[in-house]
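Remarks on the structure that follows.
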Amino acid sequence: VHAENFGGRMPTVLITGANRGLGLEFARQYADDGWSVHACCRNPETAEALNGVAAGAAADFAIHALDVTDGAAIQSLAATLSGQPVDLLLNNAGVMEDRSMTFGHLDYGQWEDVLRINLLAPARIAEAFADNVAASERKLMVMISSGLGSLDENQEGGRLAPSGLYFYRTSKAAVNMMTRNLAHDLKERGITAVVISPGHVRTDMGGPTARLDPAESITGVLNVIAGLTISDSGKFLFYDGNQHAW
Ligand code: NDP
């Protein structure tokens, strides 16, 4: 369904945080659809599930070591992939803070870590790979954000989690704004940049009682991505294709 054939060449995706959770499911589904996959993770040698997906992939599948907070590693991967089209840059890696923290006891070091991973890394990766995306057919940048980054939907603060999720929520609200800037700045290069919320999904982060399993969520996200055009650039979309409240 998603495996459009661009002039005989299958599209290419680069995914961060591909060793578990939603990133692993993205890698699996794009590999199944015949895309070429650059799957990035911190520790390829211990990424057993991802190595299993790579072994079963029919098309090109490369696993790259990438801690998204390591600027030099991002530049080095960009140099390795220089000149190669990347149809879809998928910023998926993300973290949430320790939820037991309460207002009055916020750990600012941890806040900086969350912002480095959830906000600064997607920006740096977008800068590093913009030429690869611009050289592709689809020209897509997708940031995996969250409904918890929605200002409109924050009706509960610390009632949702004792911590109020100050770190996660601010990081996702900020990546939403960052993507809106990208959409404007990259439009003339034909690049579509959007934010997508995957819904609440049963992963290590989402927890065992979340509503969706990874396959269901990511099937939805792949459908949304397959339908993206430049007129969608700057939107905040839900995994079912609906627009998300900011
Ligand atoms: P998981 O906690 O299951 O996985 C997180 C992934 O991010 C892991 O692959 C992890 O790698 C990677 N990661 C964390 N820090 C870094 C880093 N510094 N460098 C490289 N990779 C890193 O989370 P999910 O799969 O659930 O989340 C994926 C994305 O979806 C995140 O952006 C999250 O915010 C978002 N999201 C998830 C929701 C859910 O309900 N699950 C809801 C809304 C949004 P490692 O194994 O090395 O730690």
Side-chain angles (χ1 to χ4, degrees), residues 14-29 37-51 53 63-74 76-77 89-99 109-110 112-126 128 141-150 153-154 160-161 165-176 178-179 194-218 220-222 224-225 236-240 244-245:
L14 187 151
I15 308 163
T16 62
N19 56 305
R20 61 186 167 102
L22 301 184
L24 178 64
E25 187 61 27
F26 276 124
R28 183 179 287 130
Q29 291 202 19
V37 178
H38 293 290
C40 303
C41 64
R42 287 197 271 205
N43 296 303
E45 57 290 344
T46 58
E48 283 172 27
L50 183 59
N51 280 289
V53 173
I63 301 179
H64 306 280
L66 184 68
D67 181 323
V68 298
T69 62
D70 183 344
I74 291 171
S76 154
L77 182 58
L89 189 64
L90 195 40
N91 273 298
N92 162 80
V95 290
M96 185 179 273
E97 69 262 43
D98 164 7
R99 295 181 217 195
Q110 203 181 123
E112 288 178 7
D113 290 342
V114 172
L115 291 172
R116 259 191 277 277
I117 295 166
N118 292 4
L119 172 63
L120 306 191
R124 204 194 288 266
I125 290 167
M141 290 190 184
V142 171
M143 315 291 155
I144 301 302
S145 185
S146 168
L148 292 171
S150 167
E153 291 193 355
N154 184 352
L160 177 72
L165 297 175
Y166 281 79
F167 309 171
Y168 188 75
R169 282 183 142 147
T170 55
S171 72
K172 293 301 191 182
V175 83
N176 290 359
M178 192 277 287
T179 307
V194 300
V195 189
I196 299 181
S197 163
H200 191 198
V201 195
R202 294 189 290 277
T203 62
D204 292 336
M205 183 187 290
T209 60
R211 194 166 65 82
L212 300 166
D213 68 29
E216 195 178 358
S217 163
I218 298 312
V221 176
L222 260 63
V224 173
I225 292 172
F236 182 13
L237 299 165
F238 203 43
Y239 78 100
D240 64 5
H244 207 294

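Every number for a ligand or one of its atoms is a count from 1 in the order of the listing. Along the sequence shown, residues carry numbers from 1.
Close contacts of ligand 1 with G17, meaning ligand atoms under 4.0 Å from a residue heavy atom, involve 9 (O), 12 (C). Interface of G21 with ligand 1, defined as ligand atoms under 4.0 Å from a residue heavy atom, comprises 3 (O), 25 (O). Those atoms of ligand 1 with a heavy atom of G206 less than 4.0 angstrom away are 39 (C), 40 (O), 41 (N). Close contacts of ligand 1 with I144, meaning ligand atoms under 4.0 Å from a residue heavy atom, involve 29 (C), 30 (O), 32 (O), 35 (C). Here is the list of ligand 1 atoms found below 4.0 Å of a heavy atom in Y168: 33 (C), 34 (O), 35 (C), 36 (N), 43 (C), 44 (C). Atoms of ligand 1 lying under 4.0 Å from any heavy atom of D204, numbered from 1 in the order shown and given with element: 3 (O).
Of the candidates A65, G94, G149, G94 brings a heavy atom nearest to atom 7 (O) of ligand 1. Around atom 38 (C) of ligand 1, the closest heavy atom drawn from A18, S217, G199, S146 belongs to G199.
For the pair P198 and ligand 1, the shortest N or O to N or O distance does not fall below 3.5 Å. Inclusion of T69 in the set of residues having an N or O under 3.5 Å from an N or O of ligand 1 is not warranted. Checked by distance only, ligand 1 and K172 come closer than 3.5 Å through their nitrogen or oxygen atoms. Geometrically, ligand 1 and V95 share no nitrogen or oxygen pair separated by less than 3.5 Å. Considering backbone and side-chain atoms together, H200 places no N or O closer than 3.5 Å to any N or O of ligand 1. Between G23 and ligand 1, no N or O atom pair is found at a separation short of 3.5 Å.
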ask   = Step by step, would you call I144 with F26 a side chain to side chain contact (heavy atoms under 4.5 Å, CB included)?
value = CA-CA 11 Å; I144 301 302; F26 276 124; 3.8 Å; yes
request  = Check the pair Y168, N118 against side chain to side chain contact (heavy atoms under 4.5 Å, CB included), reporting the backbone distance first and the verdict last.
outcome  = CA-CA 8 Å; Y168 188 75; N118 292 4; 3.7 Å; yes
message = Determine whether K172 and L148 satisfy the following criterion, side chain to side chain contact (heavy atoms under 4.5 Å, CB included), listing intermediate values before the conclusion.
response = CA-CA 7 Å; K172 293 301 191 182; L148 292 171; 5.9 Å; no
request  = I would like to know whether H244 and E153 meet side chain to side chain contact (heavy atoms under 4.5 Å, CB included); could you show each step before the answer?
outcome  = CA-CA 10 Å; H244 207 294; E153 291 193 355; 3.4 Å; yes
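Scanning the protein heavy atoms around atom 44 (C) of ligand 1, the nearest turns out to be S145 O, 3.1 Å. In terms of protein heavy-atom proximity, atom 41 (N) of ligand 1 is closest to T203 OG1, 3.1 Å. Annotation: atom 25 (O) of ligand 1 to nearest protein heavy atom, L22 N, 2.8 Å. Among all non-hydrogen protein atoms, the one lying nearest atom 29 (C) of ligand 1 is N92 O, 3.0 Å. The protein non-hydrogen atom at the shortest distance from atom 48 (O) of ligand 1 is R42 NH2, 2.6 Å. When hydrogens are left out, the protein atom nearest atom 13 (N) of ligand 1 is A93 CB, 3.9 Å; that is the closest non-hydrogen contact. Atom 40 (O) of ligand 1 has V201 N, 2.8 Å as its closest protein atom, hydrogens excluded (heavy atom only). Nearest to atom 18 (N) of ligand 1 among the protein's heavy atoms is D67 OD1, 3.0 Å.
Taking all atoms of both residues into account, the shortest heavy-atom contact from P198 to L212 is O-CD1, 3.6 Å.
Side chains of V114 and M96 form no contact here, defined as non-hydrogen atoms less than 4.5 Å apart. In this structure, the side chains of Q29 and V221 stay at 4.5 Å or more apart for every pair of heavy atoms. Under the 4.5 Å side-chain criterion, counting only non-hydrogen atoms from C-beta, V142 is in contact with I225.
Under the 3.5 Å distance criterion, the side-chain polar atoms of T179 are left unmatched by any main-chain donor or acceptor of V194. Counting only distance, with no hydrogens or angles, the side chain of R42 and the backbone of A65 share no donor-acceptor pair below 3.5 Å. The backbone N or O of L50 sits nowhere less than 3.5 Å from a side-chain atom of N19 that would complete a donor-acceptor pair. Not a single donor-acceptor pair under 3.5 Å links the side chain of N43 to the backbone N or O of E45. S217 contributes no side-chain N or O that, together with a main-chain N or O of G199, makes up a donor-acceptor pair within less than 3.5 Å. Side-chain atoms of N176 do not come within 3.5 Å of backbone N or O of S150 as any donor-acceptor pair. Between the side chain of T16 and the backbone N or O of A93 there is at least one donor-acceptor pair closer than 3.5 Å.
Within the 4.0 Å heavy-atom criterion, the part of I117 lying near ligand 1 is the side chain and not the backbone. Only the backbone of L66 comes within 4.0 Å of ligand 1, counting heavy atoms alone; no side-chain atom from C-beta on gets that close. Counting heavy atoms closer than 4.0 Å to ligand 1, residue M205 contributes atoms from both its backbone and its side chain.
Taking 4.0 Å as the cut-off, C40 does not count as a neighbour of ligand 1 on heavy-atom distance.
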